[in-house]
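Let me begin by presenting the structure, written as structure tokens, before commenting on it.
In this chain, numbering begins with 1 at the start of the sequence shown. The model shown is predicted, which means the values in this text are computed figures rather than measured ones.
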Amino acid sequence: MPAKTTVPSAQDILVPETLLKKRKTNEKAREERAAQASAVKKERKSKRTVIFKRAEQYVNEYQAAEREEIRLRRLAKSKGEFYVPAQPKVYFVIRMRGINEIAPKPRKILQLLRLLQINNGVFIKVNKATSEMLQLVEPYVTYGEPNLKSIRELIYKRGYGKINKQRIPLSDNAVIEKTLGDKGIISIEDLIHEIATCGPNFKQASNFLWPFKLNSPTGGFRARKFRAFIEGGDVGKRDDKINALIRQMN
């Protein structure tokens with residue numbers, strides 16, 4: 001009879017020590033990646049909850065402010081008085097003219113405002129210094145008080161962030177959090193709220209936003225583009241009428 005051949009069992013096969021070490025290393029790395037992925041998932045879920053609650057809080061805040069303004073208007077009307085709205089805190093400024101025939105001082109102010117091209121727009125905080133700057137460049141820009149709808153549409157439709165001097169689309173909240181997270185601004189709704197309410201970190205939020213590149217307005221400008229708005233032109237202060245222009249240019 002032929003001799004029986006025995007097949008060595010798995011226990012009898014000697015595995016090289018280097019291979020065993022490699023297996024242990026790979027297994028440890030897999031466990032670490034799984035733990036890290038789980039932690040990231042939990043963190044994202046937690047942030048989504050925070051972002052949702054903040055957005056809900058902002059909506060309630062905006063609605064309360066709107067109701068209060070309506071109440072004050074009605075109260076003033078019932079007493080036969082005029083309602084005077086609060087002074088604007090934020091202006092949206094749009095550049096209207098090119099570099100030809102601009103004196104050095106207004107040119108420098110336009111650079112400080114980051115209005116380097118025609119149809120560029122930026123949000124600025126209203127104070128004594130910025131009001132004086134706007135007076136000096138009034139023949140070259142138009143500006144007014146943007147409402148919440150305009151701010152939201154601009155940021156959602158044409159908003160870009162400035163990261164390492166690069167123009168990055170605001171397609172992910174992580175883009176905003178990377179730069180403004182230490183200021184408590186972690187989402188696009190936080191950014192809108194900071195601009196709309198002129199919050200304590202308005203300067204950082206405004207500087208983070210790349211100047212808005214707008215289109216020429218639908219239907220074109222008025223016949224006398226470089227005459228003041230109150231005289232039938234387009235440049236200079238236009239108060240809340242800036243919102244209609246934003247719609248045309250956005």
Side-chain angles (χ1 to χ4, degrees), residues 1-62 111-117 120-123 125 151-215 250:
M1 292 180 64
K4 291 184 178 180
T5 57
T6 58
V7 179
S9 63
Q11 291 83 358
D12 297 331
I13 298 175
L14 295 177
V15 180
E17 188 176 350
T18 54
L19 185 58
L20 288 173
K21 286 183 178 179
K22 187 176 181 181
R23 286 178 181 174
K24 288 181 180 179
T25 303
N26 291 341
E27 187 177 348
K28 185 178 180 181
R30 278 196 301 270
E31 290 175 354
E32 289 177 352
R33 285 196 299 269
Q36 188 176 5
S38 178
V40 169
K41 189 176 180 180
K42 287 181 181 178
E43 186 180 0
R44 285 179 179 173
K45 186 177 180 181
S46 175
K47 281 181 182 176
R48 281 198 301 270
T49 303
V50 171
I51 290 170
F52 178 79
K53 286 183 178 179
R54 283 189 185 181
E56 193 175 28
Q57 178 186 338
Y58 296 151
V59 169
N60 293 334
E61 183 181 331
Y62 300 143
Q111 290 175 353
L112 290 173
L113 294 175
R114 302 184 297 144
L115 295 172
L116 305 180
Q117 296 176 337
N120 274 184
V122 294
F123 294 109
K125 184 177 182 178
I151 295 170
R152 186 186 298 278
E153 288 179 352
L154 281 167
I155 293 178
Y156 267 107
K157 187 174 179 180
R158 296 191 179 272
Y160 285 81
K162 182 172 63 177
I163 299 178
N164 297 327
K165 298 183 179 180
Q166 292 185 331
R167 186 169 177 257
I168 308 297
L170 302 180
S171 56
D172 191 343
N173 287 327
V175 175
I176 299 170
E177 186 179 7
K178 182 177 180 181
T179 304
L180 300 174
D182 60 334
K183 307 297 181 185
I185 302 173
I186 61 174
S187 71
I188 196 164
E189 286 297 330
D190 288 342
L191 185 60
I192 292 169
H193 181 263
E194 194 70 21
I195 295 294
T197 61
C198 194
N201 298 304
F202 175 88
K203 182 179 179 180
Q204 291 84 351
S206 178
N207 287 338
F208 166 73
L209 286 168
W210 197 278
F212 295 90
K213 296 176 181 284
L214 304 175
N215 296 321
N250 197 359

How close do [X] and [Y] get, counting heavy atoms only, and between which atoms?
| X | Y | answer |
| --- | --- | --- |
| Asn173 | Ile188 | OD1-N, 3.1 Å |
| Thr179 | Asp182 | O-OD1, 3.5 Å |
| Glu189 | Ala55 | CG-CB, 4.3 Å |
| Leu209 | Arg114 | O-NH1, 2.9 Å |
| Ile195 | Ala205 | CD1-CB, 4.1 Å |
| Ile185 | Leu191 | CG2-N, 3.7 Å |

Less than 4.0 Å between a side-chain N and a carboxylate O, is that true for Lys183 and Glu194? no

How far does [atom1] of [X] sit from [atom2] of [Y], to the nearest 0.5 angstrom?
| X | Y | atom1 | atom2 | result |
| --- | --- | --- | --- | --- |
| Ile176 | Ile155 | CD1 | CD1 | 8.0 Å |
| Phe208 | Ile163 | CZ | CD1 | 5.0 Å |
| Ile51 | Arg48 | CD1 | CZ | 9.0 Å |
| Ile192 | Ile151 | CD1 | CD1 | 8.5 Å |
| Asn201 | Ser206 | CG | OG | 12.0 Å |

Give a yes or no on this: more than 12 heavy atoms of other residues, nucleotides or ligands lie within 6.0 Å of atom OH of Tyr156. yes

Just checking Lys213: does its NZ atom have more than 12 heavy atoms from other residues, nucleotides or ligands closer to it than 6.0 angstrom? yes

Can you list everything that forms a salt bridge (charged side-chain N to carboxylate O under 4.0 Å, His left out) with Arg167? Sequence neighbours excluded, please. none

Full working for side chain to side chain contact (heavy atoms under 4.5 Å, CB included) between Asn120 and Leu214: CA-CA 6 Å; Asn120 274 184; Leu214 304 175; over 6 Å; no

Who are the ring-ring contact (aromatic ring centres under 6.0 Å, His included) partners of Tyr58, not counting sequence neighbours? His193

Within the distance-only criterion (no hydrogens, no angle test), does the side chain of Asp172 pair as donor or acceptor with the backbone N or O of Ala174 below 3.5 angstrom? yes

Are Phe212 and Phe123 an aromatic pair, judged by ring center distance below 6.0 Å? yes

Under the rule for side chain to side chain donor-acceptor pair (under 3.5 Å), what residues qualify as partners of Asn250, not counting sequence neighbours? Arg158

